[in-house]
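Notes follow once the structure below has been shown.
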Amino acid sequence: MKAEKADQIIPEIAMRGASMADIKATMAEHTSNEDEITHQEHQINLKVPNHNKIITSLLAGAMAGAVAKTVIAPLDRTKINFQSKSVIAPLDRTKINFQSKSVIAPLDRTKINFQISNKQFSARGALLFLRDTVRSEGVTKLWRGNSATMVRIIPYASIQYAAHEQYKRLLSTDKRKQHLPPHLRFLAGSLAGVTSSSLTYPLDLMRARMAVTLKAQYSNLWSVFLHIVRAEGPATLYKGFTPTVLGSIPYSGASFFTYETLKKWHAGYCDGRDPAPIERMAFGAVAGLLGQSASYPLDIVRRRMQTAGVTGQGSMYTSISQTVKVVWRSEGWRGLYKGLSMNWIKGPIAVGTSFTVYDTSLHWLRSFTYFHIDEDDGT
């Protein structure tokens, strides 16, 4: 943005009750180096005080997470099943009712199935799993358990996106610049992933348990929680926590870094024009492909450890190193990448959808003048 814009916007946000910190940040941003071109959507962001930025980020993140997970739920459900099932009795698809998320839910379900199975992943096997599920339980069952998944993904996505924006603000070494340097771009994404994963981990473990057990065993998240606490102890709620947090570093770091970098290039190439939804989707797809590929082996370890208590493998998957050894010895190095090809379908769709919905929702929410007003001002 050009420096002369400051004379128009700074008095406006000051009258609307913005804090001195927000005004100083806005002045710095408007007097930035003109060589840095930013998108037009940043003009609205400059009118929003930081506390309202947190609120709008939480709301937009919730919408993004809910829509994205609804889309890929069936694939994720199948992936988890193939990731963690290695010594369970052969799968009887006419009796077992897997729990799932929500528009690509069938893909999500297929991914989960391959992640827990000792079967070699194949596209044919994934399609057969989906076909048999539809025949025995109906199409809607591919999305069964979606409400349980929403309980997990809504707070996770809300915290992740809100934390990312705040980490970018904290890590900014030059307030005149809208974009962080590349290494700080990666760090902000990694910190956001670690924060959201740490705060919502028990919900992730309970959702994974529901994905690989009979409906009669776990009817809802509360029943999973009670069973784990009573039968296995509260500490079990954090089994697999370490690989999850470690995996979130390359996953979230690479995802946010790639998406932010592509948007920065787009702003320069298109002279500040906001990306179209299809362009945002493409940027997010690339980000998802790179992020999930970088962290996938740890995702396998995480799922094996999370579901060990209900698959009869509690003594096998006791730590990251032990889990890696068991998988390597019984399935080879390919076992650590089982279902990855499905993630190359699921990941780009999920992450692309998430980033697109988040950006669109955020821009829409911040267009309301309500969020431009500092509530302490009372105006």
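Reckoned from all heavy atoms, side chains included, excluding hydrogens, waters and symmetry mates.
Put simply, the side chain of L246 reaches to within 4.5 Å of the side chain of I320, judged on heavy atoms. Side-chain contact between R334 and L340 is absent, with no heavy atoms from C-beta onward closer than 4.5 Å. Looking at M206 and L203, their side chains come closer than 4.5 Å, going by heavy atoms from C-beta outward. With a 4.5 Å cut-off on side-chain heavy atoms, R366 and K53 count as touching.
Taken from CG in D274 to CD in Q43, the straight-line distance is 8.5 Å, to the nearest 0.5 Å. Rounded to the nearest 0.5 Å, atoms CG (D359) and NZ (K263) are 4.0 Å apart. Between atom OH of residue Y251 and atom OG of residue S293 there is a gap of 11.0 Å, rounded to the nearest 0.5 Å. Going from atom CG of N52 over to atom OG of S57 covers 10.5 Å, rounded to the nearest 0.5 Å. The distance from the CZ atom of R303 to the NZ atom of K338 is 15.0 Å, given to the nearest 0.5 Å. Expressed to the nearest 0.5 Å, how far OG1 of T356 lies from CD of E279 amounts to 10.5 Å.
The main-chain N or O of W364 is found under 3.5 Å from a side-chain atom of S367 such that the two form a donor-acceptor pair. Of the possible donor and acceptor atoms, none in the side chain of T369 sits under 3.5 Å from a partner among the backbone N and O of H372. T258 places no side-chain N or O within 3.5 Å of a backbone atom of S255 that could act as its donor or acceptor partner. Put simply, the side chain of T236 gets close to the backbone of G233: a donor and an acceptor are under 3.5 Å apart.
Ring-plane geometry between F241 and Y238 is classed as perpendicular, the angle between the planes exceeding 60 degrees on a 0 to 90 degree scale with a lower cut at 30. Aromatic ring pairs are classed by plane angle as parallel below 30°, tilted from 30° to 60° and perpendicular above 60°; the pair F283 and Y259 is perpendicular. Relative orientation of the F355 and F256 rings is perpendicular, given thresholds of 30° and 60° on the angle between their planes.
A donor and an acceptor atom, one from each side chain of Y337 and E331, are nowhere located under 3.5 Å apart. A donor-acceptor pair shorter than 3.5 Å can be found between the side chains of R273 and H266. Looking only at atom types and distance, the side chain of R209 has no donor-acceptor partner in the side chain of S223 under 3.5 Å away. Between the side chains of D204 and Q306, a donor-acceptor pair is found at a separation under 3.5 Å. If you check the side chains of Y167 and S190, you find no donor sitting under 3.5 Å from an acceptor.
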>> Please determine whether side-chain contact (heavy atoms from CB on, under 4.5 Å) holds for the pair I154 and K69, giving the CA-CA distance in whole Å, both sets of side-chain angles, and the decisive distance to 0.1 Å.
In response: CA-CA 9 Å; I154 287 176; K69 285 302 182 182; over 6 Å; no
>> Using salt bridge (charged side-chain N to carboxylate O under 4.0 Å, His left out), reason through K239 and E232 one step at a time and then give a plain yes or no.
In response: CA-CA 11 Å; K239 188 170 186 179; E232 304 175 54; over 6 Å; no
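Closest of all the heavy-atom pairs between S354 and Y161 is OG-OH, 2.6 Å. For the residue pair K168 and A188, the shortest heavy atom distance occurs at CG-CB, 4.0 Å. Summarising the geometry of M305 relative to P243, their closest heavy-atom pair is SD-CG, 3.9 Å, with the distance given to 0.1 Å. For the residue pair A68 and T353, the shortest heavy atom distance occurs at CA-CG2, 3.9 Å. Scanning all heavy atoms of the two residues, the minimum distance from R185 to L180 falls at NH2-O, 2.7 Å. When all heavy atoms of G247 and S295 are compared, the closest pair comes out as O-CB, 3.3 Å.
Taking hydrophobic clusters as Ile, Leu, Val, Met, Phe, Trp and Tyr residues chained together by side-chain heavy-atom distances below 4.5 Å, I345 does not share a cluster with M281. There is no path of hydrophobic side-chain contacts, each under 4.5 Å, that joins V357 to V286. I159 and M63 fall into different hydrophobic clusters, where Ile, Leu, Val, Met, Phe, Trp and Tyr are joined by side-chain heavy atoms under 4.5 Å apart, directly or via other members. Residues Y201 and I249 are members of one and the same hydrophobic cluster, defined by side-chain heavy-atom contacts under 4.5 angstrom among Ile, Leu, Val, Met, Phe, Trp and Tyr. Linking ILVMFWY residues whenever their side-chain heavy atoms come closer than 4.5 Å, directly or via other members, places V324 and Y296 in the same cluster.
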